[in-house]
Amino acid sequence: MTKPIQVKGLTIGEGMPKICVPIMGKDLESLSREARKAKEAGADLVEWRADFFEKLSDTEAAEKALLDISRQLGETPLLFTIRTKEEGGNRQISTKDYVNLNLAAARTKKADLIDVELFRNEEEMTALIKELQKEGAVVVASTHDFEKTDDKETLKSRFLAMDRSGADILKMAVMPDEFEDVSALMLITNEMTKELTEKPVISMAMGSLGSISRIAGENFGSSVTFACVGQASAPGQFPIRELRTMMDALHEKNQK
């Protein structure tokens with residue numbers, strides 16, 4: 001049974017899945033604009049995809065951007081993410097720089113949640129997770145496969161490894177080749193949340209084939225879904241207003 005996590009005024013792991021909107025501006029001006037739009041559109045939380053930020057390697061510039069985004073969002077929680085090219089992102093980065101930039105973000109106390117790609121190096125990332133938590137950040141251990149969906153046992157083993165890492169939330173995204181892949185991810189997510197972990201789980205199958213996983217998380221245990229305001233950060237994301245309408249309709253059906 002999932003134990004919900006409170007981040008500012010948001011409860012993750014209870015009730016309807018929360019909607020996260022990524023922002024991907026390359027500079028401070030565009031990030032401020034995107035943060036305002038995400039908040040105005042009703043995002044439950046906002047993800048700063050810092051891998052798109054041109055001055056990410058400049059710690060001072062990155063910290064300034066983080067402070068400005070946090071100010072724009074107010075009480076809306078902020079998820080800080082450096083998505084690497086190895087996991088479908090926009091940044092090639094050394095492990096040393098990845099660790100240092102994530103720690104710098106945590107030390108500003110403005111990144112409420114921080115995404116860590118566990119399988120970059122399990123030992124080093126597990127150590128990073130502990131350090132980020134010492135700084136007060138909620139950590140999302142993540143894994144992304146933009147090419148395929150592994151078999152059920154592999155999906156399960158990756159979830160369990162993320163659980164063992166000590167992270168607060170577990171996230172998995174895969175690319176399905178057939179609907180059976182979507183079904184496998186949903187079944188494993190359901191098993192994780194009911195039997196294998198007390199932590200909130202986030203899962204999604206990408207692309208049009210996996211679109212149901214972005215809508216129906218309440219039915220199989222996924223606690224957060226991702227939507228866009230403008231440019232999508234991954235294949236298959238819905239605009240936030242469309243997604244919320246569909247989720248509300250499904251929620252009403254579930255209550256009957």
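Values in this document were obtained by computation on a predicted structure and should not be read as measured data.
Under the 4.5 Å side-chain heavy-atom criterion for grouping Ile, Leu, Val, Met, Phe, Trp and Tyr, M125 is not connected to I169 through any hydrophobic cluster. Residues L73 and L31 share a single hydrophobic cluster, defined by chaining ILVMFWY side chains whose heavy atoms lie under 4.5 Å apart. The cluster map of Ile, Leu, Val, Met, Phe, Trp and Tyr, joined by side-chain heavy atoms under 4.5 Å apart, puts V224 and V139 in different clusters. In the hydrophobic clustering of this structure, I240 does not group with M204; members are Ile, Leu, Val, Met, Phe, Trp, Tyr whose side-chain heavy atoms approach within less than 4.5 Å, directly or through other members. Cluster annotation: L45 and V138 are assigned to the same hydrophobic cluster (Ile/Leu/Val/Met/Phe/Trp/Tyr, side-chain heavy-atom contacts under 4.5 Å, transitive).
The shortest distance between side-chain heavy atoms of Q133 and I129 falls below 4.5 Å. No side-chain heavy atom of Q92 sits less than 4.5 Å from a side-chain heavy atom of T84. Looking only at side-chain heavy atoms (C-beta outward), P77 and K18 stay at 4.5 Å or farther from each other. M246 places a side-chain heavy atom less than 4.5 Å from the side chain of F238. Contact check for L128 versus L132: side-chain heavy atoms found under the 4.5 Å cut-off. Proximity of T143 to L118: side-chain heavy atoms (C-beta onward) are nowhere separated by under 4.5 Å. Side-chain atoms of M1 and K194, non-hydrogen and from C-beta on, never get closer than 4.5 Å to each other.
Exactly one of E87, E117, E86 qualifies for a side-chain hydrogen bond (donor to acceptor under 3.5 Å, both in side chains) with H144. That residue is E87. Between F80 and the options V140, N102, D115, a side chain to side chain contact (heavy atoms under 4.5 Å, CB included) holds for only N102.
Under the ring pair (Phe, Tyr, Trp, His ring centres under 6.0 Å) criterion, F53 pairs with W48, sequence neighbours left out.
Atom SG of C228 and atom CD of E242 lie 8.5 Å apart (nearest 0.5 Å). To the nearest 0.5 Å, atom CZ of residue R36 and atom CD1 of residue I23 are 10.5 Å apart. The SG atom of C20 sits 5.5 Å away from the CG atom of L79 when rounded to the nearest 0.5 Å. The structure places NZ of K152 at 9.5 Å from CG of L155, a figure rounded to the nearest 0.5 Å. The structure places CD1 of I215 at 12.5 Å from OG of S222, a figure rounded to the nearest 0.5 Å. Here the OG atom belonging to S213 is positioned 12.0 Å from the CG atom belonging to N219, to the nearest 0.5 angstrom.
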Table please: side-chain donor-acceptor pairs of residues 65-72 below 3.5 Å, with sequence neighbours left out.
residue: D68; atom: OD1; partner: R71; partner atom: NH2; Å: 2.6
residue: D68; atom: OD2; partner: S32; partner atom: OG; Å: 2.2

With a 3.5 Å cut-off and sequence neighbours excluded, list the donor-acceptor pairs that the side chains of residues 180-190 form with protein atoms.
residue: D181; atom: OD2; partner: D177; partner atom: N; Å: 2.8
residue: D181; atom: OD2; partner: E178; partner atom: N; Å: 3.4
residue: T189; atom: OG1; partner: L185; partner atom: O; Å: 2.8
residue: T189; atom: OG1; partner: S203; partner atom: OG; Å: 2.8

Show which side-chain atoms of residues 9-16 pair as donor or acceptor with protein atoms under 3.5 Å away, not counting sequence neighbours.
residue: T11; atom: OG1; partner: Q6; partner atom: OE1; Å: 2.7

Please list every donor-acceptor pair under 3.5 Å in which a side-chain atom of residues 195-202 meets a protein atom from a residue at least two apart or in another chain.
residue: T197; atom: OG1; partner: D163; partner atom: OD1; Å: 3.2
residue: T197; atom: OG1; partner: K199; partner atom: N; Å: 3.1
residue: E198; atom: OE1; partner: K3; partner atom: NZ; Å: 3.4
residue: K199; atom: NZ; partner: D163; partner atom: O; Å: 2.8
residue: K199; atom: NZ; partner: D163; partner atom: OD1; Å: 3.1
residue: K199; atom: NZ; partner: A167; partner atom: O; Å: 2.9

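For T95 and N121, the side-chain atoms include no donor-acceptor pair closer than 3.5 Å.
Heavy-atom minimum distance, F119 versus S142: CD1-O, 4.4 Å. The two atoms that bring I114 and A106 nearest to each other are CD1-CB, 3.6 Å, heavy atoms only. Contact record, T59 with L101: OG1-CD2, 4.4 Å, taken as the closest heavy-atom pair. Nearest approach of G25 to S30, heavy atoms of both residues: CA-OG, 3.3 Å. The two residues V21 and A38 have their closest heavy-atom pair at CG1-CB, 3.8 Å. A pairwise comparison of heavy atoms in S94 and R120 identifies C-NH2, 3.1 Å as the closest pair.
Other residues sharing a hydrophobic cluster with M175 under the 4.5 Å side-chain heavy-atom criterion for ILVMFWY residues are F146, M206.
Although no hydrogens or angles enter the test, the distance criterion places no donor-acceptor pair under 3.5 Å between the side chain of T154 and the main chain of D150. A donor-acceptor pair under 3.5 Å is absent between the side-chain atoms of R244 and the main chain of A43, judged by distance alone. When atom types are taken as modelled, the side chain of T2 and the backbone of P4 share no donor-acceptor pair closer than 3.5 angstrom. With hydrogens and angles disregarded, a donor-acceptor distance shorter than 3.5 Å links the side chain of T225 to the backbone of R214. Remark: side-chain polar atoms of D51 are paired, donor with acceptor, to backbone N or O of N90 under 3.5 angstrom. Of the possible donor and acceptor atoms, none in the side chain of E122 sits under 3.5 Å from a partner among the backbone N and O of S165. A side-chain donor-acceptor contact under 3.5 Å links D112 to the backbone of L78.
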Salt bridge (charged side-chain N to carboxylate O under 4.0 Å, His left out) between K37 and E34: does it pass, once the steps are laid out? CA-CA 5 Å; K37 287 182 177 179; E34 289 178 25; over 6 Å; no
Go through R91 and D97 one step at a time and tell me if the salt bridge (charged side-chain N to carboxylate O under 4.0 Å, His left out) criterion holds. CA-CA 11 Å; R91 182 74 54 157; D97 287 344; over 6 Å; no
Going through the checks in order, is the side-chain hydrogen bond (donor to acceptor under 3.5 Å, both in side chains) test met by E47 and T81? CA-CA 7 Å; E47 178 184 40; T81 299; 2.7 Å; yes
With side-chain contact (heavy atoms from CB on, under 4.5 Å) as the criterion, how do L160 and M192 come out once you've worked through the C-alpha distance, each side chain's angles and the decisive distance to 0.1 Å? CA-CA 8 Å; L160 291 173; M192 286 296 302; 4.2 Å; yes
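A salt bridge does not link E153 with K156: every distance from a Lys NZ or Arg NE/NH1/NH2 to an Asp or Glu carboxylate oxygen is 4.0 Å or more. Salt bridge status for K8 with E75: absent, with no side-chain N to carboxylate O gap under 4.0 Å. Ion pairing between a basic and an acidic side chain is recognised when a charged N comes within 4.0 Å of a carboxylate O; K55 and D27 show no such pairing.
Both tests hold for K171 against F226: distance to the six-membered ring centre under 6.0 Å, angle to the ring axis within 45°.
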